[in-house]
Amino acid sequence: RRGERERVERDRGGGVQLWHFLLELLGRGEGGAIGWSDQWGEFVIRDPERLAQLWGERKGKPHMNYDKLSRALRYYYNKRILHKTKGKRFTYKFNFSKLVLVNYPTVPHSLPPVLPHALPHCASFPPPSFPI
DNA sequence: ATCGGAAAAT
DNA sequence: ATTTTCCGAT
């Protein structure tokens, strides 16, 4: 039946993407595992294994850990969703300018077609005082 | 801790 | 296409 697969996927969190999940926790001010830093778009993973556990629960992957989660984050580097803040432990930064450009068709449509579709559904985006 | 290749899974 | 899994190198 139509919707069955989607339902099952949703029930085990199959549809959600990692960076959506991160923005969700950050927007909610989840506090413990992950939080914004003082730099715009930058976040610090305060409890890597806890974050991995939460991510694993969402995805139905009981053996998720930070080693594997962080590999997924590194795949975001080339996709220009994230980059690492070098020298700051467990610290990454979102490419908000790119994200915003994709979401504001007013600007040239000629930039690297980087980002997905689901942005409007993210809990709190753009973050509190992001300068559009 | 962080990186990125390779292969498998979804 | 986006992870997940595994792992050797830095």
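Residue numbering restarts at 1 for every chain, and letters A, B, ... go by the order of the sequence lines. Keep in mind the model is a prediction, meaning the values are calculated, not measured.
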Look at the side-chain N and O atoms of [X] and state whether any lies under 4.0 Å from the OP1 or OP2 oxygen of [N].
X: A:Y66; N: B:dA1; result: no
X: A:K86; N: B:dT2; result: no
X: A:W19; N: C:dT2; result: no
X: A:K79; N: C:dA1; result: no

Write down the distance between [atom1] ([X]) and [atom2] ([N]), rounded to a whole number of angstrom.
X: A:K59; N: C:dT3; atom1: NZ; atom2: P; result: 6 Å
X: A:L22; N: C:dT2; atom1: CG; atom2: C1'; result: 14 Å
X: A:L82; N: C:dT3; atom1: CG; atom2: C1'; result: 14 Å
X: A:N65; N: B:dT2; atom1: CG; atom2: P; result: 14 Å
X: A:F21; N: C:dT3; atom1: CZ; atom2: P; result: 12 Å
X: A:H83; N: B:dG4; atom1: NE2; atom2: C1'; result: 18 Å
X: A:Y77; N: C:dT2; atom1: OH; atom2: C1'; result: 16 Å
X: A:R80; N: C:dT2; atom1: CZ; atom2: P; result: 16 Å

- Message: Show, in sequence, the C-alpha distance, side-chain angles and deciding distance for A:F96 and A:W40, and conclude whether the ring pair (Phe, Tyr, Trp, His ring centres under 6.0 Å) test is met.
- Response: CA-CA 9 Å; A:F96 282 137; A:W40 291 127; 9.2 Å; no
- Query: Rounded to the nearest 0.5 Å, how far does CZ of A:F21 lie from CG of A:L69?
  - Reply: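 Separation between the atoms: 8.5 Å.
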- Can you list the residues that meet the side chain to side chain donor-acceptor pair (under 3.5 Å) rule with A:R71, with sequence neighbours excluded?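 A:R71: side chain to side chain donor-acceptor pair (under 3.5 Å) contacts with A:Y75.
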- Item | Proximity to the side chain of A:Q17 - top-ranked nucleotide from B:dT2, C:dT2, C:dC6 |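 Side chain of A:Q17 sits closest to C:dT2.
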- Query: Reckon A:L18 touches a base, only the sugar-phosphate, or nothing at all at heavy-atom distances under 4.0 Å?
  - Reply: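 Here A:L18 touches the backbone only, sparing every base.
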- Query: So what does A:Y75 hit on the nucleic acid, given a heavy-atom distance under 4.0 Å: a base, only sugar-phosphate, or nothing?
  - Reply: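 Base contact - A:Y75 has a heavy atom under 4.0 Å of at least one base atom.
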Please list, for nucleotides 8-10 of chain B, all pairs of protein and nucleotide N/O atoms separated by less than 3.5 Å.
unit_1, atom_1, unit_2, atom_2, d
B:dT10, O3', A:R12, NH2, 3.1

- Item | Chi angles and distances behind the side chain to side chain contact (heavy atoms under 4.5 Å, CB included) call for A:L73, A:W19 | CA-CA 8 Å; A:L73 293 182; A:W19 66 276; over 6 Å; no
- Message: If you apply the rule side chain to side chain contact (heavy atoms under 4.5 Å, CB included), what do you find for A:H20 with A:R58, and how did you get there?
- Response: CA-CA 12 Å; A:H20 301 170; A:R58 177 65 63 93; over 6 Å; no
- Side-chain donor-acceptor pair present, A:E57, A:Q53, cut-off under 3.5 Å: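 Judged by distance alone, the side chains do pair up.
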- Quick check, are the ring centers of A:Y92 and A:Y76 under 6.0 angstrom apart?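 Centroid separation for A:Y92 and A:Y76: 6.0 Å or greater.
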- Task: Spell out, as yes or no, whether a donor-acceptor pair under 3.5 Å connects the side chain of A:S70 to the backbone of A:K68.
- Result: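 The answer is no, because no donor-acceptor pair under 3.5 Å joins these two groups.
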- Task: Check whether the side chain of A:R74 and the base of B:dG5 form a donor-acceptor pair under 3.5 Å.
- Result: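 Side chain to base: no pair below 3.5 Å.
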- Message: Strictly below 4.0 Å, N to O, side chains only: are A:K84 and A:E42 in salt-bridge contact?
- Response: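 A salt bridge is absent here (no side-chain N lies under 4.0 Å from a carboxylate O).
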Dump the pairs, protein N or O against N or O of nucleotides 8-10 of chain C, anything under 3.5 Å, distances to one decimal.
none

- Nearest nucleotide by nearest heavy atom, which residue falls closer to the 5' end of DNA chain B, A:Y92 or A:N78?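 Closer to the 5' end of DNA chain B: A:Y92.
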- Task: Test A:L82 against A:N95 for side chain to side chain contact (heavy atoms under 4.5 Å, CB included), laying out the working first.
- Result: CA-CA 6 Å; A:L82 286 185; A:N95 251 335; over 6 Å; no
